[in-house]
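This structure is a prediction, so every number in the text was calculated from the model and none was measured. What you see below is based on every heavy atom in this structure, not just the backbone, and it leaves out hydrogens, waters and symmetry mates.
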Amino acid sequence: MLDSPANVLVIEGRVVQPAEMRTSPAGIPISRFSIEHKSMCEEADLPREVQFLLAVVATGVVLQPQVASLQAGQRIRVRDFWRAQVIAPLNTVW
């Protein structure tokens with residue numbers, strides 16, 4: 001038995017536009033950008049096209065160089081845990 005349920009979200013897509021960067025009043029770097037995801041999945045034994053935009057927020061000093069180098073159209077994978085809100089800080093960009 002697991003100690004706690006798994007809560008990991010991994011999405012791959014293309015950057016829609018370069019990140020907007022700012023600093024919070026507490027001095028924490030915050031970057032916002034969107035990715036577009038397109039894939040084919042199977043649902044009820046039938047192929048289904050899945051397409052959506054996902055807003056991404058990257059916080060903290062560690063991720064800023066990676067996020068600053070993102071270009072529109074670049075394919076990336078983001079990984080984080082899911083929160084109650086749709087826009088969530090991410091822990092990994094690669």
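Every residue two or more places apart in sequence or in another chain that forms a side chain to side chain donor-acceptor pair (under 3.5 Å) with Gln51 is listed here: Glu36. The salt bridge (charged side-chain N to carboxylate O under 4.0 Å, His left out) search around Glu43 returns Arg48, not counting sequence neighbours. In this view, Gln71 and Gln74 satisfy the side chain to side chain contact (heavy atoms under 4.5 Å, CB included) rule, not counting sequence neighbours.
In terms of hydrophobic clustering, with Ile, Leu, Val, Met, Phe, Trp and Tyr side chains grouped at heavy-atom distances under 4.5 Å, Val50 and Val56 are assigned to a common cluster.
Residue Leu53 belongs to a hydrophobic cluster whose other members are Val16, with links defined by side-chain heavy atoms closer than 4.5 Å. Counting side-chain heavy-atom gaps under 4.5 Å among Ile, Leu, Val, Met, Phe, Trp and Tyr, Val61 is found in no cluster with other residues.
Atoms CD1 and CZ, on Ile76 and Phe33 in that order, are 4.0 Å from each other to the nearest 0.5 Å. Separation of atoms CG (Leu63) and OG (Ser31) is listed at 8.5 Å; rounding is to 0.5 Å.
Within the structure, the salt bridge (charged side-chain N to carboxylate O under 4.0 Å, His left out) test picks out the following pairs touching residues 5-17 (sequence neighbours left out): Glu12-Arg75, Glu12-Arg77. Screening residues 7-31 for ring pair (Phe, Tyr, Trp, His ring centres under 6.0 Å) gives no qualifying pairs among residues at least two apart or on separate chains. Applying the ring pair (Phe, Tyr, Trp, His ring centres under 6.0 Å) test to residues at least two apart or on different chains, the pairs with a partner in residues 38-72 are His37-Phe52. The stretch residues 51-71 participates, sequence neighbours left out, in no salt bridge (charged side-chain N to carboxylate O under 4.0 Å, His left out) pair at all.
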Pairs of donor and acceptor atoms involving the side chains of residues 17-29, under 3.5 Å and at least two apart or interchain, shall be tabulated with distances.
residue : atom : partner : partner atom : Å
Ser24   : OG   : Ala26   : N            : 3.2
Ser24   : OG   : Gly27   : N            : 3.4
Ser24   : OG   : Ile28   : N            : 3.1

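Put simply, the side chain of Arg79 does not reach to within 4.5 Å of the side chain of Leu9, judged on heavy atoms.
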Apply side-chain contact (heavy atoms from CB on, under 4.5 Å) to residues Val10 and Val78 and explain how you reach the verdict. CA-CA 6 Å; Val10 179; Val78 295; over 6 Å; no
